[in-house]
Structure formats: structure tokens, C-alpha cells
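Each chain gets a letter, A, B and so on, in the order the sequences are listed, and its residues count up from 1.
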Amino acid sequence: MSTDVTGSNNRFDTSVTQLVIGGVVLALCVYMLIFVINTTMVQEFYGYSRQINARVPTFFIRMGLLLVALASGFFCITGHSYYKRNKLAVAPWLFLAIGLAFFLVYVIVPIFQSISYSFTKWNGLYDINGVWTGEWVGLHNYRVLWEDPNFWTSLKNNLIWLVLFMLAVPIGLFIALFLNQTVTGIRIYKSLFFFPFVISQVVVGLIFSWAYNPEFGLLSEVWGWFFCEMKENIVGNLTRVCSVEPPSILGDAKMATYGIIAAGIWPQIAYCMILYLTGLNNVSSDQIEAGQLDGAKGWKMLWHVVLPQLKPATFIAIVVTVIGALRSFDMIATMTQGGPYGSTNVLAYYMYEQAVGEGVGRYGYGSAIATVLFLIMLVYISYFLWRMYQDEKEGG
Amino acid sequence: MFPKPIKSYSSKAQLAYKFALPIALFLWLLPLLAIFMTSIRPVSDIATGNVFGVPSSFQLIQNYSEVFAKTDALRYLINTLLIALPTMVLSVGLACLTGYALAVYKFRWALPLFFLFVAGNFVPFQILMLPVVGISVKLEIINTVPGLVMFHAAFQTGFCTLFMRNFIKALPFELIESARLEGVGEFQIFWHLVLPLVKPAIAALCVLIFTFIWNDFFWATVLIQEDSSLPITVGVRTLNGEFVQQWHLISAASLLAATPPVLMFFIMQKHFIAGLTLGATKG
């Protein structure tokens, strides 16, 4: 009995000490933080903090103080008797706090900020007193957008990307079926087929811009086997003479987009393939045997027995392919930069060009383009979340 | 197993399959092979049109060391590591906490918050671009490696939370409940019981995030203009402008940028694929 009392006494004591220590450290950190921020303000006033080297340490000091403040806050809270009584209600918020705050600040809030920018005319600058220099223009940006032929070209290209990128799903399935065997060394084949996905899109873009080069690229080489021959010219050097000149794919406004898509779909096929390979691994052999007894073979078996079981893989393949298609930026930036004459622009690249491109700086207009892209994506996000919600309900 | 095992076919078909495999692989990786061949030939070969044949001399070491000597490739590579590794630690670490909170506790906000993370993970980058630049300017970390790390870590926390939450949800809940009945504190349960069990998920996420961040291009172009902080993807793009038509150097630099993620993939293949195919098998 007596041990019980001292036990609870002890617990009470530690809680109070915990509260006091946590509170003091918290207060100290907040004071220091304010001090640091004020000092950098002072520094900025005199122009000291212009150099990067001077700026980064202050950032680390701030982050360090913030962390200590958070830790002491947690220490403080867990010492309080309210926490002890409502553990299961409070604990999840403590676990969530940092991650959620971080995500809200950098991802969720900026979405709404961007949407609000889209109703303004702004070049991204603040005046000397830190006052925003933009002006509210309502729907003006969207009206300009409606009449902007470049916007429509970009939107059309986005659609072409979306439609052609979808080919990655069946091609990926086809390659997965081709590779789903057990012969020696098949594992190495599978991982080598997956290779393109691991490589940066910038590198894929560079590889393909080289391959498409009409003078000494891979394509011109293959072209040469059919249409060209080496001849001696008057001076006696060997030169290549072609009956039909190889096309300059990236230089041709009609073909450039398709050229970039062909490059972009390469890694995407690899991704779909790996999704289907994993899916095929888990197809139940019972059902296949049952299908065989019913006389299903080949395509019929694939369509009626296997594909229904691959549904989760297909769903994820479609989701990542749609997102990949709408996010296409790296390839365009490396291969054509939207050219020739804006013919390969997509919304993602056009937005970048308008907002921070050289000598443009139309933040409001760029945000309007981004908002349109976001709304398109929102359709897919809602669908994905709805599907997830259905799964959650089923799963309990 | 579908399609029918090749062993059940005639020996002719088996032979055909064994021949078809390397041919298909060769065609599939042709662009990569070609760029590799270009990266080891002398510049004179390219000028004379010897693009796909045997190089007139093998210049593997010369070309690659020329890239390092003529450019800042080494610094770009180090920058990329300085960006990718802290991001990996931060986002996976935070996601362990958030994923645990969303999977284990039954509170009203669990599902909406989870969906918030998932939805945020899929938004187009462009809608975040200008405000994120604004935040980085305010924190005075624009143009620096920490600035890029902060954004990447925050954004990837979304994906990692999606992954972690589903992984922890699949663990047997009885374990946690019995620990609670024993009077173990909530954080102790997380640290001593759950964390050891999610090690495979942590490994998978680390490999994935490392590769994603290594290959990032957009955010690096947006948040960094200073040459001394550029990562390799942007660096390679810049080199492309400098080495006009010097394809042997461009291709060497490109392959250099591609090598670390490829190595990572081959070493951690199992985890990598487990991470990517999450959700592709469950009904």
C-alpha cells in the first residue's frame, strides 16, 4: 500500500519537474529564435547576409533551436497529467506534428497560395519595404489564357502525351508476359529490362537527343543502312550520300512532340513491366488450372482469368502513367525547351517559361497555367482517393 | 503460372525463346549501349561518321577523366549526395512517425489526414513552384543545398507516409495492444516494437527516395541558380550547352550521372522493387 502511494507521489513529482524543465527550455529557445531572426534582420539591413556562406549557418541555428524547442515542448506535454489521462487521443498528434507541419507548409498551403496568385498580376517582386507589388486582376489571367494560342498548343500536347503514354501499360504487360518464365538468368534479364527507369530523365533526354541527331545519331546510322551509301567526293574523301535525307526529328515542329514522347515512354514501359511482373507472380495457379479445365487458352485465358487478377497492378500502372505524362518537364527541358516555335510545349513547361523564363516573370499568369494543370490532375487524384476510400471501407 | 512455362513447349520453341531473349534485350537497351560506345570513342570517330562501329581507339579513361578535368562534375556529384542523403534521412524518419500515427491510432482525422498526404504527393510541381521559392527566400536558403533538402524532404514525406502507413497497418495489431496492456509508453512501443518490424519498409523507402532525389531536375533548376550548389542532373544539362557537339564528353557525363542510382538499384534490387510495386498485388 505504502509503495503505491510513494509511487504515485513520485510520478506526480516527475511530472512537475518535467513540466518546469520543458517550459524553461522552450521559453529559452523561443527567445533565442526571436533573437536570431532579429539579428539576421539587422544583418540584412547592412547587407551582410547577402553571401550564401553567411546565410546557411543562421538557417542551421534556427533549425536547431526549433528542434530543441519542439523536443522540450513534447517533454513538457508528456509530463502533464492531461496527457496521461488522454494518451490515446493526444499521442497521434505528437507523432504527426513535425511531419504534418512540414508537409502543410511546403505542399498544401502553396497550392492555395498559387491559386490566389493566379488572380493577380505580379512580377514576383516586393518593394523596398517588403510590400507586395502585385495587383488584383480577378479572372483577367484566365481570359488571356483562353486567347493564348500557346496555351492551347500546350494543352493539346498534354493530351497527346496522356493518350500516347497510355501505350506504356499494354506494352509493359506484353514485356512482362514475355519475361515471366523460369529459364536460367531470367532474373538478370528482368532487372536489365527495368534499367531505363532508374536513369534520370535528363540523361534519357540527352541519350535520345543524341540518338535523333540527323548527322551522327543512332537514327541517322540506322537510316544510312537503308537510304545512304558512302561515296568518294572530288577531293577523295569518303562522304555519305543519301537518296532521302534523314529527318531531323527534334527540329521538326510536327514530329518533335512524338519524338520526346517516344523517349519518355521508354522508362515508363519499364515501370509498368515491373508492376505487372510482380502482379503475375501472385496470380493464383488454381484459377489458371480451373481455366484450363474450362478450355481457356492464350488470349482468352489472359483476358478472362489473368487480367482480372492483375487489376491492382493495372490500376497502379494507369495512375503512375497519367501522373508521369502530366508531369513531363525534364524531357522537354533537355530535348527541345518547348521549341521549335513552342510546338513541344506542355502546360508544365509553359508555366515554368512564363513564370521564371528569361525576361518574362509573369507570376500571376504562370500561376493561372499551373492552376489549370492542377485542376486536370485533381480529376485523377479524386478518382485515386475514391478508390482508396472504397478499399479502406472494405478492409474495415 | 501464366503464360505457360516454356519448358512445356517443344525444344525448338525453347531454343527460339533463348535466342529471342538477348536480342530483345539488345534492342531494348540499344540507346544506352550506343551512348556507352560513344562515351569511349575518340572525337575523331564521331566526325568521320564511325558512330556505331568498333571505336578506332578505346578512350574510356581519357574521356571520363576529361569530363572531371574540364568541368565541375565532381562538385556536382558531391552536391547531389549532399542533397539526396539528408532528404532520405529526414523524409523516411518523419514518415515513420506520421505513418505510425495514422496506422495505429483510431481517431477521426486519421483517414482525412492520410488522404491529404496522398493527394499532396500527386499534385503537379508547378503549382508549388512559386510559393516554395517564396518560402526559401524568406528562410534565406534559396540557392543553397539546405533549401533544396527542406523542400524535397517535405514533399517526399507524403509518399513515404503513404508507404509506411500501409506497411504498419498490415502488422498484427494485437502486438501493440498487448504492449499497451503491459503499460508500455506510446513512444516506447513505437521505438522498441514497431520500428524493428518496419525495417524492410525503411530500406525500400531509402533506396527509392535516394533514386528519386538523385534524378530530380525540376526543383534543382527552380531553387538553385548558383553554380556551386548545382546537382549533377542540372550540371549535365549545363555541360550539354558547353560541349556543343562534343558527344563523346556529353555521353560520358550523362553516364556518370546515371551510374549511382543504377548501382543502388542493383545492390538493393529486392527493396527497390518491393517499394515500387507497393499495392500492385493486394486485392
Side-chain angles (χ1 to χ4, degrees), chain A residues 52 55-56 59 87 91-92 95-96 98-99 102-103 106-108 110-111 113-114 117 177 181 183 189 191-193 198-200 202-203 206-207 210-211 216 218 221 240 274-275 278-279 282-283 285 288 306 312-313 316 323 326-327 329-330 334 348 351 355 363 367 370 373-374 377 381 385, chain B residues 1-3 6 21 25 28-29 31 34-35 46 49 51-52 94 97-98 100-101 105 107 115 119-120 122-124 126-128 130-132 139-141 143-144 146 151 154-155 157-158 186 211 215 217-218 233 236-237 240 247 250 254 257-258 261-262 265 269 273 276-277 279-282:
Chain A
I52 315 155
R55 274 182 289 163
V56 176
F59 168 75
K87 228 185 215 169
F95 278 110
L96 274 171
I98 308 177
F102 211 21
F103 196 72
Y106 263 108
V107 181
I108 302 300
I111 296 174
Q113 271 177 300
S114 264
Y117 289 166
L177 290 173
Q181 294 289 353
V183 295
Y189 277 109
S191 41
L192 284 174
F193 263 91
V198 191
I199 299 169
S200 147
V202 175
V203 175
L206 282 176
I207 292 177
W210 169 77
F216 34 69
L218 183 59
E221 183 73 14
R240 200 168 71 157
I274 209 80
L275 286 171
T278 322
N282 292 288
V283 165
S285 47
I288 290 195
V306 179
I316 296 207
I323 288 168
L326 289 179
R327 274 202 180 150
F329 174 91
D330 300 8
T334 28
M351 183 272 166
Y363 271 37
S367 299
L373 184 59
F374 172 69
M377 203 81 112
I381 296 175
L385 288 184
Chain B
M1 195 167 157
F2 184 86
I6 199 80
L21 266 180
L25 183 67
W28 182 243
L29 293 182
I35 204 98
I46 301 167
V51 172
F52 214 52
L94 285 176
L97 296 168
T98 52
Y100 176 77
Y105 298 95
F107 59 119
F115 282 176
F122 288 143
V123 298
Q126 281 69 23
I127 196 133
L128 308 179
L130 298 173
V132 166
L139 288 174
E140 301 177 8
I141 44 174
N143 258 335
T144 64
F151 171 76
F155 189 79
T157 301
E186 295 299 310
T211 318
N215 290 341
F217 172 76
F218 179 75
T233 42
V236 161
R237 228 278 301 258
N240 189 24
W247 283 102
I250 298 173
S254 307
V262 167
F265 166 65
Q269 210 184 107
I273 289 173
L276 271 184
T277 55
T281 53
K282 67 162 193 221

Subject >> CA sep, side-chain torsions, deciding dist, call: I250(B), W210(A), side chain to side chain contact (heavy atoms under 4.5 Å, CB included) >> reply: CA-CA 9 Å; I250(B) 298 173; W210(A) 169 77; over 6 Å; no
**OP:** Run the numbers on L21(B) and V183(A) for side chain to side chain contact (heavy atoms under 4.5 Å, CB included), then give the verdict.
**Re:** CA-CA 10 Å; L21(B) 266 180; V183(A) 295; 4.0 Å; yes
Original post:
Which atom pair, heavy atoms only, marks the closest approach of L130(B) to S367(A)?
Top reply: CD1-OG, 3.4 Å
Original post:
What are the two closest heavy atoms between F151(B) and Y106(A), and how far apart are they?
Top reply: CD1-CD2, 3.6 Å
Subject >> Minimum-distance pair of heavy atoms, taken over all atoms of F95(A) and E186(B) >> reply: CZ-O, 4.0 Å
Subject >> Interatomic distance, T233(B) atom OG1 to D330(A) atom CG [nearest 0.5 angstrom] >> reply: 8.0 Å
Original post:
Given F329(A) and Q126(B), is the side chain to side chain contact (heavy atoms under 4.5 Å, CB included) satisfied, shown in steps?
Top reply: CA-CA 10 Å; F329(A) 174 91; Q126(B) 281 69 23; 3.7 Å; yes
Original post:
Given that the side chain runs from C-beta out, which part of L206(A) has a heavy atom under 4.5 Å from chain B: side chain, backbone, both or neither?
Top reply: both
Subject >> Proximity breakdown for A348(A) and chain B, heavy-atom pairs closer than 4.5 Å >> reply: both
Original post:
Given a strict heavy-atom distance threshold of 4.5 Å, which part of T211(B) is in contact with chain A: side chain, backbone, both, or neither?
Top reply: side chain
Original post:
So which of A211(A), P92(A), A370(A), S114(A) has the largest heavy-atom pair count under 4.5 angstrom toward chain B?
Top reply: P92(A)
Original post:
Excluding sequence neighbours, so at least two apart, what forms side-chain contact (heavy atoms from CB on, under 4.5 Å) with I111(A)?
Top reply: I115(A), F374(A), V123(B), I127(B), L128(B)
Original post:
Closest heavy-atom contact between G99(A) and T98(B)?
Top reply: CA-CG2, 3.9 Å
Subject >> Value rounded to 0.5 Å, distance of CD1 in I199(A) from CZ in F265(B) >> reply: 10.5 Å
Subject >> Approximate separation, where rounding is to 0.5 Å, of I274(A) CD1 and I273(B) CD1 >> reply: 4.0 Å
**OP:** For chain B, find which of T334(A), L373(A), L385(A), L326(A) contributes the most heavy-atom pairs closer than 4.5 angstrom.
**Re:** L385(A)
**OP:** Please report the shortest heavy-atom distance between L276(B) and L275(A), naming the atom on each side.
**Re:** O-CD2, 3.8 Å
Subject >> Heavy-atom closest pair, residues I98(A) and L94(B) >> reply: CG2-CD2, 3.6 Å
Original post:
If you count heavy-atom pairs under 4.5 Å between each of F122(B), F107(B), Y100(B) and chain A, which one has the most?
Top reply: F122(B)
Subject >> Contact class of V198(A) relative to chain B, heavy atoms under 4.5 angstrom >> reply: both
Original post:
Which one, A101(B), P124(B), A258(B), S254(B), leads in non-hydrogen pairs under 4.5 Å with chain A?
Top reply: P124(B)
